[in-house]
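First up is the structure itself, then whatever we jot down about it.
We count ligands from 1, going down the list as the structure has it; atoms in each ligand are counted the same way.
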Amino acid sequence: MSEKSANAMWGGRFSAGPDAIMEAINASIGYDKRLAPQDIAGSRAHAAMLAASGILTEEDAAAIDKGLTQVLAEIEAGDFAFSAALEDIHMNVEARLREIIGPAAGRLHTARSRNDQVAVDFRMWVRDQCDVAISGLDALMRAFLAQAEAGADWVMPGFTHLQTAQPVTWGHHMLAYVEMFARDKSRFIGARARMNECPLGAAALAGTSFPIDRHMTARALGFDRPTANSLDSVSDRDFALEYLSTASICAMHLSRFAEELVIWSSAQFRFVRMSDRFSTGSSIMPQKRNPDAAELLRAKLGRIMGATVALFTIMKGLPLTYSKDMQEDKEQVFDAADTLALGLAAMEGMVSDLTANRPALEAAAASGFSTATDLADWLVRELNLPFRDAHHVTGSLVKLAEDKGCDLPDLSLAEMQKVHGEITDAVYSVLGVHNSVASRTSHGGTAPDNVRAQIARWKEVLG
Ligand code: ARG
């Protein structure tokens, strides 16, 4: 079609074609061609339903189905000439169908509109991406679980404010992420279930006077049921927003661990060593091993949050029902989904390949007076001090150790007794980091026994 002629699909009342700039701003084919498989699946289901409902002859339906199969094959083979003049994937497919089967192609659009067509295509695409995220999360959780199992009882410092707080176990830290990613997974499952209603058949916005069977198309396309309100069907994009919001939370979790990897792999921490496969060198400083994958992941995940804000901004001022603004929904979601899939895979690779430096973790766990709380608890338990007094006594002991430049277990009993006369040498048993973590057996606590029980539970859940 020449640029000057009116659009073959809707140009009946137009005498001239669009300005080149109009075409550029109007066309979405550059990106919505990714919806081709969904678009063709939707059209095939629609044609079959039209025939079953007596709206289309079996002959026309068969020709349409065969033609659409060919169009999909051409697109998959890279043999399809996408045209910006035809705006979007829907009209590109239909125009090619007409070339292949002739005028019968024009009957496919009976009882539907591009408004319900794009809604069903996009829903199916986002639904698939929920499944992609769910399986990516499963793989990632298994990688964290393997790390937890390898080091269920290894001690490391637990931090608050990035200051040493109390000793914890490596396994416990790894399982913290399993919990987060399991919640992300359940959010994707919930979002998928909520979006699994079929908008096809809402037509432009009001429904149609043709005797269509929306239950049939819903079933054919794997939906639980048709949507109940035609206006909502063509104007709702909250399925995409829910996907993006869920992806943003997941991205935030990924980014927090990426940040920990960057800190932990530094020469100052040396808690972990990232594999060669996920590190890079410096072109000038030969000693460097840079955690580029973790850094890039931390940065890239901002795109997902950006896409979420962008789509909220696109949608928030739109009156019902469809507005062309909504065409701008897709690029955001496509980019976010690509970024999330890459991020999940990169993190899974990094975690699987990660080597924890057990001696460095243990040495760090023992420094920074990390067992001060254990000491205070001992004073409460054994000497019956009120916790506030115990806190005060412990603070004096920490100050003493700090002044001497040693750790708590290095103080002599005589030195401790100067601070509180009733302290006995039984206190030393709680000053070691292994005893400290072993004593944290409260529900959800860091004790290795707890960690092992949680590992067993997660193994059952993840299969
Ligand atoms: N390309 C359009 C979109 O993505 C399809 C729907 C067009 N509908 C319309 N009334 N112009 O939103």
Within 45° cone and under 6.0 Å: Arg237 NZ/CZ vs Phe122 ring: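 Judged by the rule, Arg237 and Phe122 form no cation-pi pair.
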message: Counting only heavy atoms and a distance below 4.0 Å, can you name the residues contacting ligand 1?
response: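 Only Ser28, Asp88, His90, Arg114, Asn115, Val118, Tyr322, Gln327, Lys330 have heavy atoms that fall under 4.0 Å of ligand 1, ordered by chain and number.
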message: Applying salt bridge (charged side-chain N to carboxylate O under 4.0 Å, His left out) as the test, list every pair that has at least one member in residues 453-463; sequence neighbours left out.
response: Glu149-Lys459, Glu179-Arg457
task: Return each pair, listed once, that meets salt bridge (charged side-chain N to carboxylate O under 4.0 Å, His left out) where at least one residue sits in residues 242-271; pairs must be two or more places apart or across chains.
output: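 Listed once each, the pairs are Arg194-Glu242, Glu259-Arg298.
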- request: State which residues pass ring-ring contact (aromatic ring centres under 6.0 Å, His included) with Trp458; sequence neighbours excluded, sorted by chain then number.
  value: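 Once residues adjacent in sequence are excluded, Trp458 has no partner under the ring-ring contact (aromatic ring centres under 6.0 Å, His included) criterion.
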task: Compute whether any side-chain donor of one residue and acceptor of the other, for Ser235 and Thr321, lie under 3.5 angstrom apart.
output: no
message: Let me confirm one number: the CZ-CG distance from Phe334 to Asp329, rounded to the nearest 0.5 Å.
response: 8.0 Å
